[in-house]
Amino acid sequence: MASRFDLDEAALAVLLSGEPAYRVGQLRRGLLEGREPDQLTDLPKALRARLSGEPALVPGLQLVHEAAADDGATVRWLWELGPAGVGGSRPRVETVLMHYPERTTVCISSQAGCAMGCTFCATGQLGFERHLSTGEIVEQVVRARVVAAASGRRLGNVVFMGMGEPLANLDRVWAAVHVLHDDLGISARHLTISTVGVVPGIQRLTTADLPVNLAVSLHAATDELRNELVPLGRRYPLAVLVGACARYVEATGRRLSLEWALIDGTNDTPRQADALAGIARTLRAHVNLIPLNPTPGYPANGSQPAAVRAFCDRLIQLGVNATVRRNRGTDIDAACGQLRASMTGSPVQLGRR
Ligand code: SAH
Ligand code: SF4
């Protein structure tokens with residue numbers, strides 16, 4: 001679905017034919033700063049008016065709902081993707097902005113829904129709807145950056161941990177990574193792609209032209225349990241996945257992180273901790289633990305705080321670098337896909353930003 005940030009310089013030049021060549025850069029920079037065409041005061045008034053009505057420059061995201069939590073430190077947006085399908089409802093995705101004392105991070109979506117079907121994940125429970133375009137991915141960051149700047153914060157970090165599997169949409173994701181890096185000036189080490197373990201995608205990142213961070217959502221350290229939680233495990237067993245990760249680390253010299261949602265009585269056992277420690281040590285990876293956010297389609301709870309602590313301590317005793325991540329915005333359903341899952345019914349139209 002083409003929208004304003006899907007237009008490259010050649011496409012903008014066509015829109016601006018008859019204008020001096022430098023207008024292309026002015027328009028592109030202005031849009032990337034989050035301004036509307038009619039706010040681009042460095043363009044002549046008549047041109048601004050023409051561009052405002054230009055269908056190719058429509059935004060790709062329509063705001064459906066905005067929610068704030070953690071005293072405003074977390075802001076979450078639910079967007080509708082346009083334009084509407086004939087007779088059908090538009091797919092929805094979400095974006096989360098998180099202010100920390102030392103940095104500001106946005107968590108963005110790469111697909112509407114997800115085909116990977118992880119049993120505990122609200123997005124997986126929805127199934128796959130469609131890939132996001134490069135422009136729709138970029139627009140999430142542009143809009144979050146404007147909101148961050150309005151509260152005096154510079155948006156410096158982007159994580160692909162919203163809805164969808166970025167390595168299943170890698171061509172568009174990688175084009176977006178280049179815009180974020182080349183045009184918005186976000187450095188590669190402040191860009192993180194999270195994957196459930198799409199091995200061909202990890203292989204592509206191993207030789208990619210920007211050294212972004214890679215996070216691998218492991219959740220289980222034995223194939224038997226992983227296959228239950230993450231269906232993709234049947235296609236890429238742990239030995240194959242860990243092998244691809246090892247080659248990635250060796251070739252890029254980058255640190256890898258392993259994500260682990262702690263599920264009460266399921267993957268928070270000493271046996272899983274020991275097996276995870278073996279993998280993490282082999283990869284010299286950092287382990288991020290987060291208690292599972294309960295979802296409607298999966299009858300389990302996050303591990304109790306004492307179990308989270310014990311699991312983390314056991315990893316540390318085994319020589320692993322492990323930390324517990326705080327769950328941001330649980331009061332606004334801020335886990336992956338959950339705002340959307342809780343927002344059924346007609347959208348609350350708050351207008352465009
Ligand atoms: N598809 C990619 C990125 C999006 S999911 C991936 O799976 O890595 C982002 C992160 O949220 C992943 O680590 C995923 O495992 C985690 N996650 C999904 N559902 C969750 C839940 N209910 N509670 C806690 N973490 C969850
Ligand atoms: Fe998709 Fe990631 Fe959710 Fe699995 S955890 S279903 S890969 S979004």
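Just so it is clear, the structure is predicted and the values come from calculations on it, not from any experiment. Numbering of ligands and ligand atoms starts at 1, following listing order. Basis for what follows: all heavy atoms, side chains included, without hydrogens, waters or symmetry-related copies.
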Among Met161, His219, Glu259, which one puts a heavy atom closest to atom 14 (C) of ligand 1? His219
With Leu167 as partner, the option from Val196, Leu205, Val199 fulfilling side chain to side chain contact (heavy atoms under 4.5 Å, CB included) is Leu205
Verify whether one side chain among Gln272 and Asn267 offers a donor that lies under 3.5 Å from an acceptor in the other. no
Nearest heavy atom to atom 2 (C) of ligand 1, choosing from Ala168, Ala261, Ser194, belongs to Ser194
Give a yes or no on whether Glu250 atom CD has more than 12 heavy-atom contacts from other residues, nucleotides or ligands under 6.0 Å away. no
Side-chain touch Cys245/Arg247, heavy atoms, less than 4.5 angstrom: no
What atoms of ligand 1 come within less than 4.0 Å of a heavy atom belonging to Phe160? 3 (C)
Any side-chain donor near an acceptor of the partner, Glu165 and Thr195, under 3.5 Å: yes
Taking atom types as modelled, is there a side-chain donor on Asp6 or Ser133 under 3.5 Å from an acceptor on the other? yes
Take Arg314 and Gln317 through the test side-chain hydrogen bond (donor to acceptor under 3.5 Å, both in side chains) and record every step on the way to the result. CA-CA 5 Å; Arg314 193 171 179 107; Gln317 272 161 19; over 6 Å; no
Under a 4.0 Å heavy-atom limit, does Thr195 contact ligand 1 with its side chain, its backbone, both, or neither? backbone
Does Ser217 come within less than 4.0 angstrom of ligand 2, counting non-hydrogen atoms of the residue? no
In Å and rounded to the nearest 0.5 Å, what is the CZ to CZ distance from Arg226 to Arg234? 11.5 Å
With heavy-atom distances below 4.0 Å as the criterion, list the atoms of ligand 2 near Gly124. 6 (S)
Nitrogen or oxygen atoms of Ile290 and ligand 1 under 3.5 Å apart: no
Are side-chain N/O atoms of Thr104 and His99 paired as donor and acceptor at under 3.5 Å? yes
Heavy-atom distance to atom 1 (N) of ligand 1: which of Gly162, Cys114, Ser109, Gly164 wins? Gly164
Measure from atom 22 (N) of ligand 1 to every heavy atom in Asn293, Val198, Asn288 and give the option owning the shortest one. Asn293
Mark up the atoms of ligand 2 that fall under 4.0 Å of a heavy atom belonging to Cys114, in ascending order. 1 (Fe), 6 (S), 7 (S), 8 (S)
Any atoms of ligand 2 less than 4.0 Å from a non-hydrogen atom of Met116? List them with their elements. 1 (Fe), 7 (S)
Could you check whether any heavy atom of Met163 sits closer than 4.0 Å to an atom of ligand 1, since that is the contact criterion I want to use? no
Quick note on ligand 1: atoms under 4.0 Å from a heavy atom of Cys121 include exactly 18 (C), 19 (N)
Got a sec: is Cys118 within less than 2.8 Å of atom 1 (Fe) of ligand 2 via an N/O/S atom? no
Going by the 4.0 angstrom heavy-atom rule, the piece of Thr295 near ligand 1 is side chain
Pair Arg90 + Glu129, salt bridge at N-O below 4.0 Å: no
Which of the ligand 1 atoms, numbered from 1, are nearer than 4.0 Å to a heavy atom of Leu292: 21 (C), 22 (N), 23 (N)
